[in-house]
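Contents: one structure, followed by commentary.
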Protein chains: 2
Amino acid sequence: MKQSKKQRVTLQEVALHAGVSTSTASLVVRNNPRISEATRKKVLNSINELGYVYDRVAANMRSRSSDIVGVIVTDISNSFISEFLIGVQSTLEALGYTVLLGTTFDSVSKQDHLLSTMIEHRVDGLILNPVSKSSEKTVSQLNKIEIPKVLANRELANVNSDYVGIDYTTGALMAVNHLIEKGHKRIAFLGGIKQSSTWTERIRGFHIAHDIAGLKVDESLIIDIEPNRKGGLEAILKVLENDHPPTAVFCFNDLVAFGVIKGLAMNGVILGQDIDVVGFDNIPESELYHPPLTTVSSFPRSIGIKAANLLYNRMNNESSELQRLILKPELIIRETSKK
Amino acid sequence: MKQSKKQRVTLQEVALHAGVSTSTASLVVRNNPRISEATRKKVLNSINELGYVYDRVAANMRSRSSDIVGVIVTDISNSFISEFLIGVQSTLEALGYTVLLGTTFDSVSKQDHLLSTMIEHRVDGLILNPVSKSSEKTVSQLNKIEIPKVLANRELANVNSDYVGIDYTTGALMAVNHLIEKGHKRIAFLGGIKQSSTWTERIRGFHIAHDIAGLKVDESLIIDIEPNRKGGLEAILKVLENDHPPTAVFCFNDLVAFGVIKGLAMNGVILGQDIDVVGFDNIPESELYHPPLTTVSSFPRSIGIKAANLLYNRMNNESSELQRLILKPELIIRETSKK
DNA sequence: CTGAAAGCGCTTACAG
DNA sequence: CTGAAAGCGCTTACAG
């Protein structure tokens with residue numbers, strides 16, 4: 001209670017109080033085994049009595065490390081991202097790291113700024129879920145960063161780093177195949193930003209599925225737009241005005257699908273009867289939606305866990321080869337495309 | 001390109017290169033206006049040439065501050081929390097702070113651990129969304145922390161700190177009133193943890209509404225359970241087995257409501273006809289749900305913004321009086337309780 | 001407007 | 001097993 005409001009107790013004061021050297025006190029704090037039990041107890045006692053709190057900033061300063069990992073994501077309000085973040089966070093915390101969080105809201109300039117900030121804070125490592133339209137400048141900035149880093153969810157050409165994501169092409173292929181097998185011939189692809197690898201990989205799967213079935217892709221049924229509810233709503237309204245509207249919609253992600261479903265309801269189009277819809281990501285809402293959404297599961301939490309583990313390895317073993325982890329997606333058939 | 005992989009360039013090296021003292025270089029880096037234009041340019045040139053990166057860890061060490069704010073939340077996968085976090089994050093970032101994030105998953109021990117970690121990292125301030133069952137130990141730990149702090153969303157008795165949240169009692173009152181006005185006499189209250197202020201405040205509103213209308217509360221229609229989809233599902237299944245099942249359900253939050261709706265569908269009970277449902281929080285999914293959910297809007301993003309601003313004031317003006325900001329909720333009537 | 005010296009609170013070699 | 005000295009890379013007073 002005599003603890004004054006002014007300053008923290010320092011390790012030096014602890015050492016003085018315990019009658020040992022600062023070095024010894026430091027070794028005790030860090031649980032170094034070469035300290036005798038007696039000394040350890042003395043020091044721990046003093047720590048308790050004085051109410052000492054370890055100063056990681058000072059420790060990190062000297063040891064030229066930090067227990068901090070920078071994590072930069074595009075948007076926490078997307079469940080895919082928040083699930084990813086949970087995977088990253090819980091894994092890193094279990095490994096003894098703390099997360100310095102940055103959110104870009106898909107803005108390149110915010111991303112640039114956050115990257116600088118994180119470096120200035122001397123993070124031990126970096127996990128980056130890049131924005132859709134990452135520039136060349138971003139790429140060169142990233143390559144300059146001499147800190148272990150892992151890219152996730154969106155791949156950037158020419159960046160020297162580990163990567164974890166899922167196989168979007170196969171996911172799209174499975175989804176569109178499913179729709180084709182149900183007899184659909186006019187399938188729309190709505191949402192997503194063309195400049196992003198997550199879009200180009202999906203469109204590849206979209207085309208492959210059409211090719212295999214000997215079907216033509218109608219470019220007027222492909223609309224790229226922000227991948228959220230609003231974008232989905234806008235896109236479906238546009239596509240419904242087409243002379244030959246689609247009979248099925250493959251959505252960039254579940255959020256887009258929700259917007260699409262909303263738009264269909266507004267136009268009196270009956271889901272699962274007049275039109276089928278498939279999403280992507282399998283966010284928790286997709287299962288409980290009414291009707292439950294057919295979607296492609298992309299395991300964001302697993303991606304987060306793997307990204308954190310990859311980074312951990314990289315932080316402890318700089319020289320190992322760059323890794324590229326691509327998870328297999330899974331088609332989950334629910335009501336929006338049944339029978 | 002001659003930048004070696006070994007060490008960061010230091011301010012001292014910059015100063016040497018520019019032919020000025022380290023102090024001067026330091027002042028330039030911090031944009032101190034009392035440096036002449038000529039000197040400033042020389043230093044900035046050297047910074048560019050050498051590829052100098054500011055070391056905030058060292059700066060913070062010496063200046064005894066950090067530009068870091070610790071933010072501890074219960075669970076990012078709840079949209080209410082992620083929206084809150086977005087408000088906090090974007091506000092703090094705009095003010096020049098970076099967020100050190102911790103997630104408790106509603107576990108007291110995790111919360112204790114995270115609090116310690118944040119203090120050790122010498123955060124400038126702390127925003128805490130406490131776990132449901134925060135212990136006395138937590139309270140005393142919090143009171144010991146001599147760092148500006150703001151509590152959010154859940155109030156803790158006897159903690160000396162600012163608080164931002166919404167008026168849960170009034171919110172519950174409005175929701176239940178609405179149901180009573182529709183003629184309901186047997187209203188269930190499902191979800192939430194009894195030990196939490198967020199529960200007790202809601203139940204108070206629940207009772208007040210009944211009292212005003214001269215209605216009796218049936219305790220068997222009140223089930224406390226984890227406030228998520230799974231909890232909602234379990235609770236409604238239990239309550240449907242009641243000899244006199246309720247004709248309306250007031251849910252602890254929207255997540256619980258989604259679980260409830262799922263359970264109703266499983267039992268062939270028709271929403272809006274056999275039974276009415278009201279949620280709480282107005283998370284984005286509630287509007288796009290089918291049918292759209294009647295709910296109480298609790299403006300999580302605004303809470304986050306206000307919490308960040310309160311903390312900012314506190315960090316810059318330690319002596320001002322403790323504040324308690326209670327936002328007014330708003331009833332949003334949608335399909336699950338229409339006509 | 002600029003500089004020399006000391007210090008933030010630890011850890012790191014090194015010595016014994 | 002323990003200690004004395006130096007140093008991590010900045011900023012802070014102070015002097016001029």
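By convention in this document, chain letters (A, B, ...) are assigned in the order of the sequence lines, proteins followed by strands, and residues within each chain are numbered from 1.
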>> Can you tell me if A:Thr39 touches the phosphate of D:dT2, counting only side-chain N or O atoms and a distance under 4.0 Å to OP1 or OP2?
In response: yes
| field | Short side-chain N/O contact to C:dG9 OP1/OP2 from B:Arg122, under 4.0 Å | value | no
Hey, does the side chain of B:Arg30 come within less than 4.0 Å of D:dT12's phosphate (OP1/OP2), counting only N and O? yes
Under 4.0 Å: is that the gap between some side-chain N or O of B:Ser23 and OP1 or OP2 of C:dA4? no
For B:Asp67 and B:Thr98, which I'm curious about, is there any donor-acceptor pair between the side chains at under 3.5 Å?
no
Atom CZ of B:Arg62 and atom P of C:dC10 are separated, to the nearest Å, by 15 Å
- With respect to the phosphate group of D:dT2, does any side-chain polar atom (N or O) of A:Thr24 fall under 4.0 Å of OP1 or OP2? no
B:Leu11 CG to C:dA4 P, in whole Å, measures 14 Å
Atom CG of B:Asp67 and atom P of D:dC10 are separated, to the nearest Å, by 14 Å
Rounded to whole Å, the NE2-C1' distance (A:His121 to D:dG9) equals 15 Å
N or O in side chain of A:Arg56 less than 4.0 angstrom from C:dG9 OP1/OP2 = no
Separation of D:dT2 atom P from A:Leu16 atom CG, nearest Å, is 17 Å
(request) Assess the side chains of A:Glu93 and A:Ser90: does a donor N or O sit below 3.5 Å from an acceptor N or O? (result) no
DNA chain C nearest-nucleotide lookup for A:Asn60 and B:Ser21: closer to the 5′ end is B:Ser21
Of the listed C:dG9, C:dG3, C:dT11, the closest approach to the A:Met61 side chain comes from C:dG9
Do you see a donor-acceptor pair shorter than 3.5 Å between the side chains of B:Arg154 and B:Thr198? yes
Between CD of B:Glu13 and C1' of D:dC10 the distance, given in whole Å, is 13 Å
In whole angstroms, the gap separating P of C:dA13 from CZ of A:Arg64 amounts to 10 Å
Between B:Arg34 and B:Asp55, the residue closer to the 5' end of DNA chain D by nearest nucleotide is B:Asp55
### Message
Over all strands shown, is A:Val29 touching base, sugar-phosphate only, or nothing at heavy-atom distances under 4.0 angstrom?
### Response
nothing
Verify whether one side chain among B:Thr74 and B:Asn129 offers a donor that lies under 3.5 Å from an acceptor in the other. yes
Check your understanding: Should B:Arg324 and B:Glu155 count as an ion pair when the cut-off is N to O under 4.0 Å?
Key -> yes
*asked:* Under a plain distance cut-off of 3.5 Å, with no hydrogens placed, do A:Ser46 and A:Glu49 share a side-chain donor-acceptor pair?
replied: no
As its Watson-Crick or G-U partner within any shown strand, both distances under 3.5 Å, D:dA15 has C:dT2
Original post:
Should A:Ser36 be listed as having a side-chain N or O under 4.0 Å from OP1 or OP2 of D:dT2?
Top reply: yes
Rounded to whole Å, the CG-C1' distance (B:Leu27 to D:dC10) equals 12 Å
Closest to the 5' end of DNA chain D, once B:Ala59 and A:Ile35 are matched to their nearest nucleotides, is A:Ile35
